[in-house]
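Read the structure below first, then the notes.
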Amino acid sequence: QAQLEESGGGSVQAGGSLRLSCAASGYTSSRDCIAWFRHVPGKEREGVASIYYPGFTTYYVDSLKGRFTISADNAKNTVYLQMTGLKPEDTAMYYCARATWCSRHASGYTAWGQGTQVTVSS
C-alpha cells in the first residue's frame, strides 16, 4: 500500500491561490487513480477531482467553475491541485486518496493522506 502525504495548505484571503501537493511513497501503481476530496465539519466529504494515468482528469464539483485544476508529475510521484480565485466557501480540509478506478465517492478509495487545511477569509 502506498503512503500519501498532502502539503501546500494554509490561510489566504479571498481571491488568492494555493497549490496543493499529494506525494506518494512506498509501493504503488503508476496506473492508480488519485483524487482530491474536501471535508467541512458537519457536512459529507465530497470528491473534488481525480486523475488517472497518463493524465485523464475528471471534475466533480459544479461550484468550482473551472477554478481548480488537477495535474500530475509521474516522475515525482506527485499529484497537484491548483486552486485559484479562492472563496470562503472553499475552506475545508483537503485530502488526497488512491483507488483502482476513479469515482467521486470516498468509499471507493483504499488509501488516504492525513489532509491539509485550506482556510479562505473575506
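Note that this is a predicted model, so its numbers are computed, not measured.
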> Does M83 reach the side chain of T69, with side-chain heavy atoms less than 4.5 Å apart?
Replying inline: no
> Among the clusters formed by ILVMFWY side chains lying less than 4.5 Å apart, do Y95 and L4 turn up in the same one?
Replying inline: no
> Would W36 and C22 satisfy side chain to side chain contact (heavy atoms under 4.5 Å, CB included), going step by step from the backbone distance to the final call?
Replying inline: CA-CA 9 Å; W36 286 98; C22 174; 3.6 Å; yes
>> Looking at E6 and T116, would you say the former's side chain and the latter's main chain have a donor-acceptor pair under 3.5 Å?
In response: no
> Is T78 reaching over with its side chain to a backbone N or O of K76, donor-acceptor style, under 3.5 angstrom?
Replying inline: yes
> Is there side-chain contact between I51 and F56, with at least one heavy-atom pair below 4.5 Å?
Replying inline: no
> Can you list the residues that meet the salt bridge (charged side-chain N to carboxylate O under 4.0 Å, His left out) rule with R67, with sequence neighbours excluded?
Replying inline: D90
> Within a strict 4.5 Å, meaning less than it, do heavy atoms of the T91 and V118 side chains meet?
Replying inline: no
> Looking at W112, is R45 sitting on its ring face, NZ or CZ under 6.0 Å from the six-membered ring centre and within 45 degrees of the normal?
Replying inline: yes
> Is there a side chain to side chain donor-acceptor pair (under 3.5 Å) between Y80 and R19 once you walk through the steps?
Replying inline: CA-CA 7 Å; Y80 304 98; R19 188 179 73 165; 4.8 Å; no
> Is there a side-chain contact between Y59 and I70, using heavy atoms and a 4.5 Å cut-off?
Replying inline: yes
> Quick one: does Q13's side chain get under 4.5 Å of V120's, heavy atoms only?
Replying inline: no
> Given side chains that start at C-beta, do those of Y60 and S50 come closer than 4.5 Å, heavy atoms only?
Replying inline: yes
>> Going by the rule salt bridge (charged side-chain N to carboxylate O under 4.0 Å, His left out), which residues pair with E5 if we only count those two or more places apart in sequence or in a different chain?
In response: none
>> Going by ring pair (Phe, Tyr, Trp, His ring centres under 6.0 Å), name the residues that satisfy it together with Y109, two or more places apart in sequence or in a different chain.
In response: F37
>> Restricting to non-hydrogen atoms, name the atom on V40 and the atom on A92 that form the minimum distance, rounded to 0.1 Å.
In response: CG2-CB, 3.8 Å
>> A side-chain contact here means heavy atoms from C-beta on lying under 4.5 Å apart; do R104 and V61 qualify?
In response: no
> Can you name the closest pair of heavy atoms from L86 and V12 and give their distance?
Replying inline: CD1-CG2, 3.7 Å
